[in-house]
Each structure stands twice: as C-alpha cells, then as structure tokens.
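Predicted model, so just to flag it, every value in this text is computed and none were measured. Lettering of chains follows the sequences in order, A, B, ..., and the numbering in each one begins at 1.
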Amino acid sequence: MSDALPAGTPTTRPRLLLVDGHSMAYRAFFALPVEKFASSTGQPTNAVFGFTSMLANLLRDEAPTHVAVAFDLARTTFRTERYPEYKGTRDASPEPFKGQVPIIRQLLETMHVAVLDKPNFEADDILATLAAQARAQGMEVLVCTGDRDALQLVNEDVTVLYPVKGVSELARMTPAAVEARYGVGPERYPDLAALVGETSDNLPGVPGVGPKTAAKWITAYGGLEGVLASAEQVPGKAGESLRAHLDQVALNRELNRLVDDLDLPLGPADLAVQPWDRPALHTLLDELEFRTLRDRLFAMLPDDGADASTQTQAAPLDLVELAPGGLAGWLAARARTPLALDVRGTGAPAAGDAWGVALADGDGQAVAYDLADITTADEQALAAWLADADAPKVVHASKAAWHALAGRGLPLAGVTFDTELAAYLCQPDRRAYDLADLAIGYLHRELGADDASAAQGSLDLDLGGTDEARRAGERAAAVRDLSEVLAGELADRGAGGLLDELELPLVDVLARMERTGIAIDGDYLSGLERTFDAAVQGAAAEAYAVIGREVNLGSPKQLQEVLFDQLGMPRTKKIKTGYTTDAAALTDLFARTQHPFLEHLLAHRDAIRLRQTVEGLLRSVGADGRIHTTFQQTIAATGRLSSTDPNLQNIPIRTEAGRQIRRAFVVGTRHETLLTADYSQIEMRIMAHLSGDEGLIAAFRSGEDLHSYVGSRVFGVPTDEVTPAMRSKIKAMSYGLAYGLSSYGLSQQLSVEVGEASALMADYFERFGGVRDYLTGVVDVARATGWTATILGRRRYLPDLTSDNRQRREVAERMALNAPIQGSAADLIKVAMLGVDRELTRRALGSRLLLQVHDELVLEVAPGEREEVEALVREQMGAAGDRVPGGFDVPLDVSVGVGGSWHEAGH
DNA sequence: AAGAGAACGTA
DNA sequence: CGTACGTTCTCTTC
C-alpha cells in the first residue's frame, strides 16, 4: 500500500521485533527470585513477570511496528532426530517454571502479539524464517533471544538483542558487535561455534580450541569449509585435535544452522502491532496480581484517556441504605425510568437461586439487598417491581438472572436492555462478555476483581457486608451506564431492532424452555447404557485378540504405534501429532487392508461414543426426570443458538444405534405427545432468496424435489430421469456452496476426480448464474464494508478479508460466504420461535416449546391440542419470512412429525 | 491442574 | 482444500 501514499508523506521503515519466547522466559525465571513472585493462589509468576517486563521495555524502547514471539513446542526436533544427544544435558525444567509459559502465551494473546510455533523446529528456526522474509520485504529486524545460534542472522538489517544480565540488559549485536566480540563476522559465527562447541546444546567442540583459535583459523582458511578442507595443514596440538574431531565439527555445523525457509501460517506483514484486548489484559493482570506492571504497560500507551492510569471515574456511587420497608417508595419515585438490576446467585435452569440484588438508577443512586435478610415489605415491593412488565429494567445476562430469581419464586419481566446481548450484537466474534471486561472496554472503568456474573451466574457472593453491597451497586451502575453506550453502538450498526424485537424477547422464551426441560425415560436410557457398554467390551476384546495385546484404544498415540509400527499399515494423513486415526482414515485403511483390527476398532469407537453420550445424558437428568439444557445466545458468531450442559443439539440421528438414543426423549406425563417441526432446506431457500437466482427460486416455487429439479437442469435430463447418484452429487454440491466448498473438496467428498468436480460446478453455475454472482458479490461487499449481514441486519465483522496472509484471507472468505446464510436461517427460526410462543400464550394453550436445533423446533403438546398446535407451528414458521424487510422470495416449507418420543416424532 | 489436540456428534 | 458449535478423552506440561 506504500505506493498509495501521497508524495511527500514521511515513511518510516517497518521494524519487526522477534522474540524467542522460551529462551527469554527461561532467562527471566532464573533472573528473578521465584519465592518473591507468586500470586496469592501460589502460582509462581517470576518468569511471566520478567518476560512481560522485558517485552514492555522492548515495545517502549524499540517502538516496533511489527512483533511476533516464537516458542519451542517440545524437546524433540529434527535436530534431536539427527543427533539424540542434542541438548541432552539439559535438566528438566524446574517445577515452578512449568505453567508460566502458557500464561505468557495468554498474555501475548491479549496483547494481540502473534505467537508462532512449529512441531519439530525450534523457535530460532521460526525467527530465522521471519527475519529472512522481513528483510526481503525491506523491514528492519530485531531478534531477541538468549540463544547464540541466532547471531548467524545478524546483518545490516537484522540485529540480535542478546541478554547479558537478567532480561533487562540486552546487548545490541550488530555485525560490528559480533565481529568485536568473537573476532569473526556473523556469517562465520556458526563456523566458530561448530569448532568451539556449545555446552548448552551438548555439542562438544574441538578440545583445546577456544574462540580465539577458532577465529584465527576461520579467518586464515576462509571459513569452516576451508578449515576442514585444510585440516591436514593446521599446525600444532590444536591441529591434531581438530583432525580427531572432524565429524563432530561437521555435525555441529549442521545442527547449528538455522532453518530460514519454514512454511509458516503468518508472514511479516501479518505481524503488525495491534491494539491490545484491554479487558482481557486487565483480567489477566488482575489474576496475576501484577499491579505495578499493569501501570507500566498501560502507561506506555498513547494518552487517549482510555487506559488504566487515566480511566474515567464513575460518578461517585450513592449507595443508599433505605429504612426497612423503604424500597416501595424508592421504586415509586423512579417508576417508568429504567433501573439497572444486578443479581447475585446461580443461574442454572430449574436449579437457580438468588441471594442478593442491587438496583441502580440513572442519577448515581443504588440500593442493595441480601435476600436472606430482606423484610417482607421490601421483598414484596421488589417482587412486584421485578414482575412488572411495565417497569423497565436493564440487566447483564438477563437469562441467568431470570433463572436465579425464578429459584426464589421471583418472576422477572420488563427487561428492556441486556448489556450482554447488546455487546454480542456489536461484537459477535467475542468469546465472552463478562461485565467487568465490558466495563473496562466501553466505560474505562474497573469493577471489583471478583468479576461479574458469568453466563451461568455462578458467583457466590453474599451481600452480608457493606463491601459486597457496594460492589453489587457498582455493578448495577456499570450496567446502567453500559446500556447507554451500547445503545449508541447498536444504533450505529442498525441493530437496535435486532435487540428489541428479536434477541431480547427471545430471552424469556428460552428461559422458559430451559426451565421446562424435556422428559427422559431413565430406565430405557440406563438399558441403552448397558447395551452400549457390552458392545464396547466386546469390540475391545476382539481388537485386543487380533493384535495380541491390550492398548488404550482411545489413545491416538498408542493406536498409531499399533497401526503403523506393529501392523505396518500405510500412513494416513499427517496431523500435528503424527498420523490421523480418525474414522475416515480407518475406514479407508480397512478398505485397503481388510485388517480385522480396524473393524473392531471402528466398532469400539462407535460404541464408546454412544455410551459416552448416554452417560452424559443420564448425569444431566434432573430431580424432575427432565433434562434442562442451557441455550447460549451469545456464543455463535453467526447468530445461531448453541446448547450446553448438556448439548441437546448434537444428539445422534444418522445411525440406527444413534437414533435409539432419541427414543429416550419422551413426552412428559401431563402431555399428550411430542411434536417436531423443521424447515426443509432452509439454507438453500435462503441462498435462493439472497441470490435472487430465478432458477433456484423457480425450483422452490415449483414444489418439486429440490435436488432432482436442480439435477435435471445441471445434467440436462428430465426431472424423473435424475438418478439417485446424480441427485446426491447435486445435494452435496448445493450444500457445499454455502460453505465455500472448493472443487477439490467436492471431489474428495464425492470420491471423483477433481476435474469431474469442477466440471460439475461449472455446469451448476452455468444454469444457476445468480448463485455464482451472489457468492462472489457477497465476499466483495464484505471486504469493502468489513462485515456481512443477514436478512435481519445481523452483522459479522471479518477484518481478515483484507489480510495479506492467503490462508487467513481464504478462511475469512468462507466465513463471509456462510455467515449470511447460516445467520439468516438463525434469524428466521428465532422469529418463528417468538411467533409460536406468542400464539401458544395468546391462546392460553398448555403446549410448549422445549428445544431448538437450528432448523427444528421440538414441542410438548398438551392433551387435545395436537391439531391446533400443528397448524399454529406451521403457520408461524412459514410466516417468519414476512418479517424480512422487502419480503422473503421463497416459500418456507415446514415438515411436522408427532410421536411419544423424539425419535418417533422425527421424520 | 489445566490446556491442547484429537475425535466426533449435530445443523 | 467446507461453515457453525460442545463434549470427552488422552497426553503433556522446553
């Protein structure tokens, strides 16, 4: 982009800082007294502290524009393969050092510093590779490492920063400095090291030859090659010694040569210094109890008023202690104004409990109550306010609060803003939305280190003391203030409607679904467990018999030994830890070798998986005989829900044995039947709508079988002559397109030549050109705007679309293809859920929603309501498209099934 | 004890 | 070299 700069703009040369993480962390560990550095939990932190301190100094003093840290992965590398004794004298790392490296990596992650590692190679090889690439791109490079081998990298563009004392004093090793220190230039340094040896690497040198002699020889004979070639002529005792150790010297040189042409996921251009994830960094530094270092770090930032040292102060909180019975009056004085609500308790569905609440108004006043101590009058006032749908409330993670309060018999209604949901709509790719993190990120305000209610509201903090009451009040005040900032952020994104009309109303629906749960036939499920367990035992025994010994069949490592060493099978696809033993690979191996071990192994895998699923479900059955999952509303970046504790969105269905598990999900005793309703081909319908492709839209309007219709157009035959093989190819391709499938990927899936796959895709696009135009267009638009959008305007931000790194860019492109489709489907079913729930309530029916599985709803139907509920569900799911601005161009077909179990209700 | 990686279930 | 998830197990932690 530099050629796009206007003439005369001063350009500074990019400067890349590369750090050998292990080397510097290890130095730091020995430089600082471990007994002086430990958090209150006993976690030693001296290496973390020293490393971070060093990094902070480097960032401040060297002002790099790009930065990366490389780590060794394991002791074994290609060097130890070549020479097992390499680094063999190194002691095991001290106990207190272990565990500090992951913390350092975590810290680097929050600072958005790229971290690299590569199996079989050392960090220095990564640094060498990046240094070479950066130099070729005209960058200046600083390499910070305690490994002298890196001195070979030094040149006019590359300087090594070598620690001389602790980690705070670094020697600048320029070409001149290397020459001055060792008597040879950097390019000859590894020659010298090969002769002298390197104790720390367990590479013996030529006895009697030190750096002085080595430098003299190297200069005299023109490098190590010259020395070796002329070994016969080297005079004296030292010469004799050299001749006796030629092999070792050659080996030393081979081993100390750094690899500078590794394949790395990131190139220098990807390493630009990024703004820190301040909330996460604060959290981490809190955990580590690094107070002064935090100040040092944040003091380095440009003074934009947003860091810890210059945080904006909250208006002082006026925590009011009302007289007993005073709450009703306090609330009445604030009727119809939004109050923030903080609930302390546990938010597990059907097992929640609340023990403290705090309310904050917009003027800096707050009240807090311990629910164990509250007077009856105040509790009644609180209960009435909580349940009043017309009393507006602002909450963080309102579904967890809903469950916690429900556990106390306190219904919650009238939530008009949820800061967690709002933050999710603004930043859907975030992993977590802790209140404390959001307060720092959006308000530049630190809440107590004891953190806010997580999604599950698992904080057990009682309000017995004034400190706790004050903290609760401060959280409520933060929620209140956050809601205003986030409301503005939402408006900027055009997402206010998504919150008000979709996500927020859905909270109540989901909360009731979770609290209701789904009934389980426990006896049947226990029987299944025994069946699957027997299958596990049987398969294991047969597998052991075949190979003549017992191994852990669940250990990929041990399986690799058996398959590739003991049984000598052909290697499978390479993975980080060797060769894959996944089901696809094993099936392929079985097809080739017919080895019975593979058959038993695969059977064992299946059985153990089924047993595991069943056991997990059994553990989750509540006292009421029902399973209460939690639907996560802020996890999936596309807008889907996810399900945890347990996950009920991945209950098996594809195999017969798996389907047995669905028989365990049954209708509850007071209800008549389960009903499932799912959208057919929802994603393809969205593709048709979004692309506006006339052929595809016509396909859906025709009411014919989609894949046969498309197949007839692609293959140029009448619909009724589309063979099952043709149809399944079309089906695979159609769905693949929504994921960014390549012709290679398609060929793999269909087991056909790449040429055939790409011809198939070409024919498809020939007939359905609108789809092709849409797919290319959606990526282009996203690249230009920085985001994708669903039919209801839900955005996903994809900054990597403009990455220089091809792999990252292509990943982002596939996300851009898929996010509008998957996300629009999520929008539609959420609209449908609201419609279904609204109608069930309006008509005062006893039937209720239980589960959502992305394109499917599961309901429990009350006696006598089956027909009405089926019609209502069809109507509401079918009408979800009406909510789309401009209308939805394709009919939404719904198929419905009914039965006593989820299996029977399926179709 | 905690995290990473592998494997695998769903849409 | 196809997106989005959650769970469980093993192995490792220079």
Among all residues two or more places apart in sequence or in another chain, which pass the side-chain hydrogen bond (donor to acceptor under 3.5 Å, both in side chains) test with A:Asp20? A:Thr145
Return the value, rounded to whole Å, for the distance between atom CE of A:Met815 and atom C1' of C:dA4. 10 Å
Under-4.0 Å salt bridge between A:Arg105 and A:Asp117: yes
Scoring nucleotides 4-11 of chain B by protein non-hydrogen atoms under 4.0 Å (B base, S sugar-phosphate only, - none) yields -SSSBBBB
Rounded off to whole Å, could you give me the NE2-to-C1' distance for the A:His22 and C:dT12 pair? 12 Å
Tell me: CG of A:Leu648 to P of C:dT7, nearest whole Å? 10 Å
Determine, for A:Arg79 against A:Asp125, whether the closest basic-nitrogen to carboxylate-oxygen distance falls under 4.0 angstrom. yes
Nearest 0.5 Å please: distance from the CG atom of A:Leu746 over to the CG atom of A:Leu750. 4.5 Å
Rounded off to whole Å, could you give me the CD1-to-P distance for the A:Ile104 and C:dC14 pair? 11 Å
Could you give the CE-to-P distance, from A:Met687 to C:dT3, as a whole number of Å? 14 Å
From the list C:dT3, C:dT8, C:dG6, which nucleotide is the closest neighbour of the side chain of A:Asn818? C:dT3
Could you tell me whether the phosphate oxygens of C:dC11, OP1 or OP2, come under 4.0 Å of any side-chain nitrogen or oxygen in A:Ser555? yes
Under 4.0 Å, heavy atoms only, any strand: does A:Arg619 hit a base, just the sugar-phosphate, or nothing? sugar-phosphate
So A:Ile635, base contact, sugar-phosphate only, or nothing? Heavy-atom distance under 4.0 Å. sugar-phosphate
Output yes when at least one side-chain N/O atom of A:Thr644 is less than 4.0 Å from OP1 or OP2 of C:dC5, else no. no
Using atom CG of A:Asp125 as one end and atom C1' of C:dC14 as the other, report the distance to the nearest whole Å. 14 Å
Set of side chain to side chain contact (heavy atoms under 4.5 Å, CB included) partners for A:Glu615, sequence neighbours left out: A:Glu529, A:Arg611, A:Arg619
Restricting to ring pair (Phe, Tyr, Trp, His ring centres under 6.0 Å), what partner residues turn up for A:Phe78, sequence neighbours left out? A:Phe121
Among C:dC14, C:dG2, C:dC11, the one nearest A:Lys557 by side-chain distance: C:dC11
Expressed in angstrom and rounded to an integer, what is the separation of A:Tyr26 atom OH from C:dC14 atom P? 9 Å
Taking 4.0 Å as the cut-off, does a side-chain nitrogen or oxygen of A:Thr638 come that near to OP1 or OP2 on C:dA4? no
Is there, by distance only and without an angle test, a donor paired with an acceptor across the side chain of A:Gln749 and the base of C:dG2 below 3.5 Å? yes
Hey, does A:Arg796 reach any base, or is it just sugar-phosphate, or nothing, if we go heavy atoms under 4.0 Å? sugar-phosphate
Gap between atoms CE and P, on A:Met684 and C:dT3 respectively (whole Å): 18 Å
Residues forming a ring pair (Phe, Tyr, Trp, His ring centres under 6.0 Å) with A:Phe97, sequence neighbours excluded: A:Tyr26, A:Phe29
Could you go through residues 580-587 of chain A and list every donor-acceptor pair under 3.5 Å that involves a side-chain atom there, pairing it with any protein atom two or more places apart or in another chain?
unit_1: A:Thr580; atom_1: OG1; unit_2: A:Asp582; atom_2: N; d: 3.1
unit_1: A:Thr580; atom_1: OG1; unit_2: A:Asp582; atom_2: OD2; d: 3.4
unit_1: A:Thr581; atom_1: OG1; unit_2: A:Arg605; atom_2: NH2; d: 3.2
unit_1: A:Asp582; atom_1: OD1; unit_2: A:Ala584; atom_2: N; d: 3.4
unit_1: A:Asp582; atom_1: OD1; unit_2: A:Ala585; atom_2: N; d: 2.9
unit_1: A:Thr587; atom_1: OG1; unit_2: A:Ala583; atom_2: O; d: 2.6

Quick one: which of C:dC5, C:dC14, C:dT10 gets closest to the side chain of A:Asn552? C:dT10
Once you apply a heavy-atom cut-off of 4.0 Å, does A:Ala819 come out as touching a base, just sugar-phosphate, or nothing? nothing
Sugar-phosphate, base or nothing in reach of A:Gly736, heavy atoms under 4.0 Å: base
